[in-house]
Amino acid sequence: MNRKEMQPLLDEGIFREIDIHFGRFITRLSGEDNPALFFAAAFLSRAAGEGNICFDLSEAERITLVAKGLKKDVFLPPDTETWLKILRSCSVVGRPGDFTPLILDDRYRLYLYRYWQYEKWVADGIRTRAGWKRDKINWSVFKERLSKLFPNVGENNTDWQKTAVFVSVLKPLCVISGGPGTGKSTVISMILSMFLRQNMKKELSVALTAPTGKAASRMREAISNGMKLLPSECRIEENALPMASTIHRLLGAIPGSPFFRYNAENLLPYHLVIVDEASMVDMALMAKLIKAVPQDAGLILIGDRDQLASVEAGAVLADICDTGQAHDFSMDFAKKYLKITGTRIDTTDEKEGRPGIQDCVIQLKKSYRFGAESGIGEASRAVNNGDGELALSIIKRKKYKEIQWRHIPAPNLLSRTLKEYVIKGYKDYLKAEDPIEVFHLFEQFRILSALRNGPYGVSALNLIVEKILKDEKLISSGKVWYRGRPVLITKNDYNLRLFNGDIGIILPDPDSGNELRAFFLSGEEKLRKLSPIRLSEYQTVYAMTVHKSQGSEFGRIIFVLPDRDTPVMTRELIYTGITRAKNGVEVWGKEELFLKGVSRRTKRTSGLHDMLWGKGS
């Protein structure tokens with residue numbers, strides 16, 4: 001395809017340069033001038049850039065590419081079956097199991113080979129673990145310890161936390177999903193209590209891990225707090241609790257390489273691996289993690305299936321949980337559950353032939369933070385259900401003080417509108433002296449945005465906040481590094497032991513003559529200090545994207561929506577943004593765009609869901 005024909009498609013943003021280059025590369029590799037192959041490859045590249053695992057050829061009927069300047073069709077795809085036959089005849093396209101650059105399955109899904117392989121690794125690992133049962137369980141001890149953890153549950157009540165702990169012991173795979181405040185961290189504490197106390201006489205190694213440094217720190221802190229809520233005889237001493245790390249650090253990342261030290265040939269040395277914030281884990285990383293976990297070790301995935309999907313390709317947790325669908329348990333599972341707990345649980349007809357994964361997935365349903373009278377809870381549930389009108393009416397009601405609506409101001413009025421919020425939200429941390437107190441006060445307020453760029457993106461918002469704080473003399477003007485500057489690490493730095501998502505604050509260091517240092521706080525309330533000039537990939541973080549806020553909680557939030565429609569505005573983004581607030585959130589936006597966003601779901605194309613839930617292989 002010549003440059004003149006492609007240029008209008010580039011100008012209109014239909015393809016990126018890399019999509020065109022990839023299409024040409026695959027065509028050259030095939031040794032033939034084949035427009036159907038070129039466009040299939042270009043669409044596949046675009047799909048990968050949008051976070052999809054594959055490109056669905058069955059969408060061909062909706063594709064017509066027109067070069068307006070040439071007044072003709074650049075590409076009018078054939079019907080799906082014809083396109084399938086054309087691609088099947090190409091040497092660079094193979095079937096699942098073949099070693100070719102592109103893989104085309106029987107359900108019209110076209111993959112890059114490595115993404116097909118990653119998806120297969122995840123599907124095989126999940127299905128294998130879902131089909132296993134642990135044999136060596138001391139049922140009497142298990143029953144006794146479960147009753148101590150849950151002493152007050154009535155016979156007819158299903159306690160989903162209890163069910164999650166039960167599954168974690170019964171199966172080598174346990175997937176626990178729940179919204180904010182549903183007790184996910186408490187469940188991890190209970191699972192650790194069950195495993196560590198039941199195996200006191202033998203060494204049991206446990207790995208706690210999360211996708212980002214921030215999430216790992218919060219995980220360890222939350223588990224420590226959750227342990228204090230357990231009955232005294234069920235608690236694990238603080239010094240006996242495992243530390244938490246990023247998944248990259250757990251697997252042993254090799255700088256400059258996509259590979260890890262721990263893999264299928266060199267397995268992780270753990271009996272139990274617990275992954276928090278699993279919704280943030282992309283397909284490639286999940287595949288490499290699953291391959292590195294020993295087959296006889298337990299794997300527990302915990303997260304919120306309704307949150308935003310990972311930044312990189314895939315929506316792994318959502319696919320594993322079959323988001324949007326409710327599933328009962330098998331008869332065999334229900335019998336065991338009744339025998340041990342004395343509680344009946346809903347079952348499905350085994351004749352339906354549902355896969356064993358149904359017994360491994362638990363949805364925590366009770367919110368301990370956002371109850372029926374919580375505006376944040378009510379609004380987030382309405383958003384999650386796709387009811388934008390209800391969500392908007394809840395946000396705008398004067399009944400709920402913790403969630404409010406504000407029409408988004410014009411760009412030239414943003415600074416004036418934000419001024420009072422910024423001063424109130426950030427002055428306390430900027431005046432505090434103790435570094436640990438500085439970090440805790442900084443977490444009490446944040447501005448979130450759906451976008452990186454534009455007048456309502458985080459880049460512009462951070463500049464506005466800095467100017468407001470400079471004008472109020474709360475920060476020094478005219479300096480790159482100043483006392484109180486908050487920075488977000490945006491790329492893993494294994495030499496400095498800093499990871500994507502870590503937040504540091506620039507403060508004077510009494511141990512070095514009050515020179516400015518970048519302070520970082522770990523989950524154990526321990527401080528690390530580095531010279532700011534050693535930081536490589538970072539950004540100011542008074543305001544942050546909703547994507548970057550995943551795994552975090554803030555006291556109060558200003559949630560700034562775009563002033564025009566954009567594909568990133570989805571139900572999952574709005575839900576994630578609202579639920580980052582613990583005490584209060586003010587949503588700034590336009591009603592019609594909010595409604596459109598709630599009606600739009602994030603759709604990541606992959607075959608993982610079908611492979612796990614019986615609709616493909």
Side-chain angles (χ1 to χ4, degrees), residues 158-165 167 174-191 210-211 214-215 218-219 222-223 225-226 229 274-281 300-310 315-327 361-388 390-391 394-395 400 402-403 446 448 546-547 549-557 559 570-585 587 597-598 601-602:
T158 299
D159 186 319
W160 294 108
Q161 289 185 328
K162 186 175 185 176
T163 308
V165 175
V167 171
C174 181
V175 184
I176 304 167
S177 174
T182 53
K184 296 189 294 294
S185 297
T186 304
V187 167
I188 301 176
S189 301
M190 292 172 170
I191 291 170
K214 175 71 173 177
R218 283 195 64 250
M219 178 188 191
I223 289 171
N225 293 333
L229 302 176
I274 303 177
V275 185
D276 198 15
E277 297 293 347
S279 65
M280 298 168 65
V281 184
I300 299 175
L301 306 178
I302 301 176
D304 185 349
R305 66 183 189 182
D306 297 309
Q307 270 191 197
L308 279 168
S310 56
V316 182
L317 185 68
D319 284 340
I320 294 173
C321 291
D322 195 15
T323 298
Q325 301 297 321
H327 295 283
V361 179
I362 309 298
Q363 177 70 24
L364 301 180
K365 301 175 182 178
K366 180 180 178 180
S367 177
Y368 298 90
R369 185 191 309 162
F370 303 132
E373 295 303 313
S374 163
I376 295 176
E378 289 286 285
S380 62
R381 283 188 282 271
V383 169
N384 222 353
N385 292 329
D387 194 336
L390 177 59
I394 290 169
I395 297 172
Y400 300 113
E402 75 270 28
I403 188 165
R446 195 72 86 252
L448 300 186
V546 177
H547 267 103
S549 75
Q550 289 188 89
S552 299
E553 294 175 345
F554 309 102
R556 301 192 69 83
I557 284 172
F559 183 16
T570 63
R571 182 183 310 177
E572 291 81 4
L573 181 133
I574 295 170
Y575 168 82
T576 303
I578 289 173
T579 55
R580 294 311 89 200
K582 292 190 288 187
N583 304 318
V585 55
V587 183
V598 173
R601 295 213 70 153
T602 300

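Within the 4.5 Å cutoff, side-chain heavy atoms of Val175 are placed close to those of Cys321. Between Gln363 and Val361, every side-chain heavy-atom pair lies at or beyond the 4.5 Å cut-off. Between Ile176 and Ile191, the closest side-chain pair of non-hydrogen atoms falls below 4.5 Å. In this structure, the side chains of Ile302 and Met219 stay at 4.5 Å or more apart for every pair of heavy atoms.
A distance-only check finds a donor-acceptor pair linking the side chain of Lys184 to the backbone of Gly179 [under 3.5 Å]. Judged purely by atom type and a 3.5 angstrom limit, Ser189 uses its side chain to pair as donor or acceptor with the backbone of Ile223. Although no hydrogens or angles enter the test, the distance criterion places no donor-acceptor pair under 3.5 Å between the side chain of Gln161 and the main chain of Val187. Put simply, the side chain of Thr579 never gets that close to the backbone of Pro180: no donor and acceptor are under 3.5 Å apart.
In this structure, Asn385 has no side-chain contact (heavy atoms from CB on, under 4.5 Å) partners at least two apart in sequence or on a different chain. Listed by chain and residue number, Val383, Ile574, Phe594 satisfy the side-chain contact (heavy atoms from CB on, under 4.5 Å) test with Val598 (two or more places apart in sequence, or in another chain). Residues meeting the side-chain contact (heavy atoms from CB on, under 4.5 Å) test with Ser549, sequence neighbours left out: Leu448, Met544, Val546, Phe554, Arg580.
To the nearest 0.5 angstrom, Ile395 atom CD1 is 4.5 Å from Ile403 atom CD1. To the nearest 0.5 angstrom, Ser177 atom OG is 5.5 Å from Leu317 atom CG. With values rounded to the nearest 0.5 angstrom, Leu308 atom CG is found 11.0 Å from Tyr575 atom OH.
Residue Pro211 comes nearest to Glu277 through the heavy atom pair CG-O, 3.3 Å, listed as atom of the first residue, atom of the second, then distance. In this structure, Ile362 and Ala164 approach most closely via the heavy-atom pair CG1-CA, 3.9 Å. The minimum heavy-atom distance linking Arg556 with Asn583 is given by the pair NH1-O, 3.6 Å.
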